[in-house]
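Here the structure comes first, spelled out in structure tokens, and everything after it is commentary.
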Amino acid sequence: MAEVHINQITKSYGNDQIIHGIDINIQDGEFIVIVGPSGCGKSTLLRMVAGLETITSGDISINNQVVNTLEPKDRDIAMVFQNYALYPHMSVFENMAYGLKIQKLAKSEIENRVNNAAKLLQISDYLTRKPRQLSGGQRQRVAMGRAIVRNPSVFLFDEPLSNLDAKLRVQMRLEIKKLQKRLKVTSLYVTHDQVEAMTMADRLIVMNKGIAEQIGTPMNLYEHPQTTFVAGFIGSPAMNFLSVKTKDNKIEIPVSGKILDIKTNIEQPEAILGIRPEDIEIVDSNSSDLKLKVSAIEPLGADSLIYGNSEGFNDDLVVRVRGKTEFTEGDTFHVYFKREKLHFFHTITRKRLQAVA
Amino acid sequence: MIENRPLTTFFSHLVLLCGVLVVAFPLWVTFVASTHDAVRMTQVPLPLLPGNQFLVNLKLVLFSGLEGSGSPPVGIMLFNSLIMAILIAVGKISISLLSAFAIVYFRFPFRIAFFWMIFVTLMLPVEVRILPTFAVVANLNMLDTYWGLSIPLIASATATFMFRQVFLTIPDELLEAARIDGASPLRFFKDILLPMSRTNIAALFVILFIYGWNQYLWPLLITTDRDMYTVVMGISQMLEAAEQAPDWHLIMMTALMAMLPPAIVVLIMQKLFVKGLTETEK
Ligand SMILES: Nc1ncnc2c1ncn2[C@@H]1O[C@H](COP(=O)(O)OP(=O)(O)O)[C@@H](O)[C@H]1O
Ligand SMILES: [Mg+2]
């Protein structure tokens, strides 16, 4: 168990800077999820913590010890890889025991630890099998087991569930989370899947192009995204964005000419309004903010998504309604934006604006 | 492709049968010749059915050798060939494994230069550099030794490239997992790379054993001591050295003996051999 401090870390490959100065302070036992689109540098960051990648500048400390120059094995970490990285010629038992054997632990101790981990992960029946004789989910468990037997201070996960099918993914993410709560080991978990991130994280870090856009609890990020990137990345379907005009402390939606009945102290003449699909209501024309024409309908079972369009829009506006919808393609409908759920962002910096006075 | 047309099946079998006959007939003649005595072998037509002298010929060849041929008993030559072939195969495999390991997993200065130097040796088989190599071996006092027979044939670019290719297919994460597990580079080599290249090593062993076994020019050049002769060069010695008509029955028996060890190696390693050449999944 340990605190992890990542301090102004950067990474360059030659002249390409991949990570641009990231700060994270991780509490003991915390489950931190790093989420971001593919190629944003998540793996690189994690691998620097693991010691598999050199650090260009800044430092990383685990348990108040700077580990920048330590070998991976001396950092007291364990890592789970996306493709599991099990040794194909070794049995499940040997896979889990390999690191302990190198540490020259007593045979009885090794057996003890492996058997306990196997029990915990429900793979005791497969200990003599080779990895290729296991299903994806079972391999994933073995990879977890190999991490657990080391008794590390920090678990590092690099997209461990990406190779599993959807159902197993949901099941394993719950299990990993439970296991982590039980073992209370500080964990850093990388994923590109925002649902995984939201459901697993104590706190999550949204990364974009090598910077940490925002760090916070999942609900905090959902309710108060600090940039349009975070707003668009967290939540599914993504937040809708509209350009709006602001004048005389009022906000106008140019497409419909509607002036929103809220006061604002935004100083710029223009801003980006963000509203989540679930925060839009379908109303009659009296209280309409915007009139839309249905361009597509997606029934999800419990909810339905209505894609609406209007002249002057590039992208469809997505509205989420409970249950079924009576609309069909081509119908027109009126929507109302819940005032307390509006987000405003700067058109250029794309940062959140504290809009409402 | 699965087809079920009787005519096609018939013709493909016919072609295969012809192929087998072409390959098998000389072998059969060799075998038949080794079972007759000297007199029968000088008469025309040559026999096509086995005689009863097999054991007599075998004993003669293995333990006393061919009179007047200047060759030692075939037993000794077989033993020499065996040692040379094994030294070459094991030596080539060891060196190639290590150099492929270095090239794939280490970033050292002039790595690319070394890579190309190894590559260039592809163009320099023993036959091309035979005189300087002979001089070197002679200066090192390795004429008429097993080392002299095998070392110059050991350096091998092909095997290095093959292992490089094998190592490149092994995912990087395996190395990283091993590093986190605390394995040193050599430990990684021994515990993970070696077992994972098992089938490739076996396949290469078969190929290199036969390559070593079939060496002719080099042993001919550096062995002057009868007791260091190898069997492949021994056979031709028998042909040339005999003043009288060649003892075909004994020569054929020797040839038969010379063919056996490679065949045995192939048979034993067959399964691994095929796996090593075709297996892709790691
Ligand atoms: N060894 C490397 N050399 C050069 N560029 C690299 C190397 N490894 C990763 N990158 C680059 O770093 C960026 C981030 O990669 P990565 O951390 O793997 O992204 P993610 O895990 O978020 O998908 C990518 O643009 C990738 O091309
Ligand atoms: Mg990645």
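Computed from heavy atoms alone, side chains included, the values below leave out hydrogens, waters and symmetry copies. We name chains A, B, ... by the order of the sequence lines, and we start the count at 1 in each one.
- Contacts of R75(A) with chain B are absent, with no heavy-atom separation under 4.5 Å from either backbone or side chain.
- A donor-acceptor contact closer than 3.5 angstrom is absent between the side chains of N25(A) and E3(A).
- Heavy atoms of R187(B) lying under 4.5 Å from chain A belong to its backbone as well as its side chain.
- The environment of F79(B) atom CZ is sparse: at most 12 non-hydrogen atoms of other residues, nucleotides or ligands sit within 6.0 angstrom.
- Side-chain contact, D181(B) with Y87(A): a donor N or O sits under 3.5 Å from an acceptor N or O.
- For E71(A), the part lying under 4.5 angstrom from a heavy atom of chain B is the side chain only.
- Of the two parts of L86(A), only the backbone, made up of N, CA, C and O, holds a non-hydrogen atom closer than 4.5 Å to a non-hydrogen atom of chain B.
- Annotation: Y13(A), atom OH; neighbour count of heavy atoms from other residues, nucleotides and ligands within 6.0 Å is above 12.
- Heavy atoms closer than 4.5 Å to chain A are found in both the backbone and the side chain of D191(B).
- Heavy-atom contacts from other residues, nucleotides or ligands closer than 6.0 Å to NZ of K177(A) number more than 12.
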